[in-house]
Amino acid sequence: MLDSKQLRTDTEAVARNLARRGFVLDLEGFRALEERRKQAQIEADRLRAERNANAKAVGMAKGKGEDASELLKRGESLTHALAIAEADLERVQIEADQWLMGLPNLLHDSVPEGRDESANVELRRQGEPRQFDFEPADHVDVGARLGGLDFEAAARISGARFMVLRGSLARLHRALAQFMLDLHTSEHGYQEIYAPYLVSAAALTGTGQLPKFEQDLFKVDGERPFYLIPTAEVPVTNLVREQILTAEQLPLRFVAHTPCFRSEAGAAGKDTRGLIRQHQFDKVELVHVVKPADSYAALEQLTAHAEEVLKRLELPYRVLALCAGDIGFGSAKTYDLEVWLPGQGKYREISSCSNCEAFQARRMQARWRNPETGKPEPVHTLNGSGIAVGRAMVAILENYQNADGSVTVPAALRPYMGGQERLVP
RNA sequence: GGAGAGAUGGCCGAGUGGUCGAAGGCGCGCCCCUGCUAAGGGCGUAAGGGCCAAAAGCCCUUCGAGGGUUCGAAUCCCUCUCUCUCCGCCA
C-alpha cells in the first residue's frame, strides 16, 4: 500500500513512478474519488460530533431534572441523518481502499528501465559453467536414472505439477534444506521460524498477495476460508503485523523452511517438464524487518546471504537487477539469482530478493517507534529465497552429473548425507 | 467434541446506560527537592483517521471482532473469534 498522504500531496510524481512499471494511474478518477471521500467523511464527522454533543446535553438536563424532550427529538433526527451519512462514507471508503490496495509499490530510483525480463540488468557472475566431456542430461533424466524422481507416481496421486522423491533424492532434498537453515542461523544471524502453512486472507492482504492475486493461490474452503501459503514470506513477514517495535529490536532476521503452494494459473504449458514449476515445492525463506534508513543495505546483505548458499554448493550463478516492468507488485527493488542449468543450457531463477520498503508494513500496520520523532512509523520489510530447495536440487543433479549416471554430492552437503560422496543408480 | 471462566491503554487492574479515552497502580519521560545507587513531590505519557501547505489547534473513531437496542453503549442483547481451566479424544 502506498502512503495515502504522499498520493494526495504528490500525485504527479507517484503517477510518473508507477508509469515506469507500465501502470497507468487514473489521476482524474483518483481526484474525484478522493474529493467524494473527503466530503463524506467531513459530513459524517460533523453529524457525529453534533449527535455526541446533543446526547451529552440530554444527560446533563436529566441530571438537573429538566425537561429533555426537545433534545431527545433532535437526537432522533441526528441519529437518522448520521446513519445515512455513515453508509455513504462506508461505500466511498471501501471503494477508495480497494483502489489503494490495487496499486503496486513505487520503484526505487536505481531500478533499471524496461518493459519485461529482457531488460533486466546482469550485475555479476559467479563460477564458471562446467565443461562436460559428454552430453549433459537434464535433471529429469538424471533423476530417473537414479530411480528417485517419480513424476508418474505423483501424477497418479495428485496430477500434473507434483513430484515424488525416493531414497537418496529425498534425502538430498532434506539435506539441502538443513544445510541452508544451518548456514543462515549459525553464520548469518537469522532466527529460525516454524509458522503456519494455512493462513488467513488478512495475512495475505498484509504481504500483498490479496486482493489482486487470488487466482495464484490455493484456497481451502470451510467455515472460515484459509489459503495455503505461496511462500513463507507470508506467515513470517506477518510476525510483525500490528506491532510497534522498539528501535533496539531492529533489525529482525528470520529464516523459515516451508513448503509453498502455487496454483500456477496462467502458466499452462510453461515448464511442464521436470520440477522447475510445481504446485508444491520447498523453499528456505529469508525475511528482514529493518529501520527504513537501513533497508537498502539490508537488501545487499540479504542477497549476499542467498548467494552464499550457491557459493558453498559451488553452483555457477548470476545476479540480475530486475527492470521496472518485471518487478513484483509489492517490491521497490528486486535482485534475482539465476543458477546455471547445463541440461537447459541457460540460467534459471533460483532466488528473488526484494525490498518492499514500507509497502507491506503499511498493509500490516507493522511499525517501529522512531526515537527521533517519538512516533510510530512503518518499518521496512525485505524477503528473499535463501534458496528454493527444489530448484537447488535440479541444479545439483544437472551440474554434478557424471557420465556413468551417478551424481557427485557437493562437499558442503556431505555432512548432511552421512558422508556419502556420490549418488549412484 | 462437552462444561465453565475470561478478553479494557506498554503492563496490572477498576469501571453494569450519560460530562469515560476510561479511576488507581506499575513502568517510562521531564522537572523539583535531597550532596551523594534511598525516599518524597509536580507534570506528562495509546493508536488510527480527518480539517490544515505544515505546525498549533480542533474534530472523529477505537475498551477482542461484527451486528442490534437507545437521544446516548466499555457497560444491555445477539453472533463470531481468541485465551484459560476441567473432562473426552488425539500426533
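Computed from a predicted model, the values in this text were never measured in an experiment. A, B, ... follow the sequence lines: proteins, then strands. Residue 1 opens every chain.
Summarising the base pairing, B:A46 is matched to B:U62 through a Watson-Crick or G-U wobble pair whose two defining distances lie under 3.5 Å. Across all strands shown, the partner of B:G24 is B:C12, judged by Watson-Crick or G-U wobble contacts whose two distances both fall under 3.5 Å. Base pairing annotation: B:U19 forms no Watson-Crick or G-U wobble pair, as no partner gives both donor-acceptor distances under 3.5 Å. Across every strand in view, B:G1 sits in a pair with B:C87 that passes the Watson-Crick or G-U test at under 3.5 angstrom. With a 3.5 Å ceiling on both atom-pair distances, B:C52 lacks any Watson-Crick or G-U wobble partner. Across the strands present, B:C76 finds its partner in B:G68; the criterion is a Watson-Crick or G-U wobble pair with both atom distances under 3.5 angstrom.
Using cut-offs of 30° and 60° on the angle between ring planes, the pair A:His184 and A:His188 is tilted. Below 30°, between 30° and 60°, or above 60°: for A:Phe162 and A:His279 the angle between ring planes is between 30° and 60°, a tilted geometry.
If you take atom P in B:G67 and the same atom in B:U62, they sit 11 Å apart, rounded to whole Å. As rounded to the nearest Å, B:G64 and B:C71 have C1' atoms that lie 28 Å from one another. The same atom, C1', is picked in B:G9 and in B:G44; the two are 15 Å apart, to the nearest Å. Taking atom C1' in both B:G10 and B:G4, the straight-line distance is 31 Å, to the nearest Å. The separation of B:U8 from B:C84, taken at their P atoms, amounts to 14 Å, rounded to a whole angstrom. Comparing the same atom, C1', in B:G42 and in B:A47 gives a spacing of 27 Å after rounding to whole Å. Taking atom C1' in both B:G17 and B:C28, one finds a spacing of 35 Å when rounded to whole Å. B:A22 and B:A14: their C1' atoms are spaced 10 Å apart (whole Å).
Side-chain atoms of A:Arg367 lie closest to B:G48 of the nucleotides B:G48, B:C52, B:C60. Considering only side-chain atoms of A:Lys38, the nucleotide from B:G50, B:U61, B:G48 that sits closest is B:G50.
A:Glu242 has its CD atom 14 Å from the P atom of B:G9, to the nearest Å. The NZ atom of A:Lys375 sits 12 Å away from the C1' atom of B:A55 (whole-angstrom rounding). Atom CD in A:Glu248 sits about 13 Å away from atom C1' in B:C28, given to the nearest Å. A:Ile244 has its CD1 atom 6 Å from the C1' atom of B:A47, to the nearest Å. The interatomic distance linking A:Lys5 (NZ) with B:A53 (C1') rounds to 12 Å, in whole Å. Rounded to whole Å, the distance from CD on A:Glu86 to C1' on B:C59 is 15 Å. A:Gln243 has its CD atom 10 Å from the P atom of B:C11, to the nearest Å. Rounded to a whole Å, the CG atom of A:Asp88 is 16 Å from the C1' atom of B:C60.
Using modelled atom types, one finds a donor on one side chain and an acceptor on the other under 3.5 Å when comparing A:Gln344 with A:Arg348.
Within 6.0 Å of the CD atom in A:Glu300, the count of heavy atoms belonging to other residues, nucleotides or ligands exceeds 12.
Residue contacts for A:Arg362: at a heavy-atom cut-off of 4.0 Å it reaches no nucleic acid atom on any strand shown.
A:His108 pairs in a ring-ring contact (aromatic ring centres under 6.0 Å, His included) with only one of the listed residues (A:Tyr335, A:Phe359, A:Tyr296), which is A:Tyr296. Among A:Val234, A:Val236, A:Val240, the single residue meeting the side-chain contact (heavy atoms from CB on, under 4.5 Å) criterion with A:Asn238 is A:Val234.
Annotation: of the two residues near RNA chain B, A:Glu90 and A:Arg369, the 5′-most nearest-nucleotide partner is A:Arg369. For the pair A:Ala53 and A:Ser4, both in contact range of RNA chain B, the more 5′-proximal nearest nucleotide belongs to A:Ser4.
Across every non-hydrogen atom of A:Leu198 and A:Leu228, the tightest pair is CD2-CD2, 3.7 Å.
In summary, A:Glu70 and A:Arg74 do not engage in a salt bridge, as defined by a charged side-chain N under 4.0 Å from a carboxylate O.
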Q: For nucleotides 70-84 of chain B, just jot down a letter per nucleotide in 5' to 3' order: B, S or -, based on protein non-hydrogen atoms under 4.0 Å.
A: -BS--------SS--
Q: For A:Gln360 and A:Val379, run side-chain contact (heavy atoms from CB on, under 4.5 Å): C-alpha distance rounded to whole Å, both residues' side-chain angles, the deciding distance at 0.1 Å, then the answer.
A: CA-CA 9 Å; A:Gln360 297 178 322; A:Val379 293; over 6 Å; no
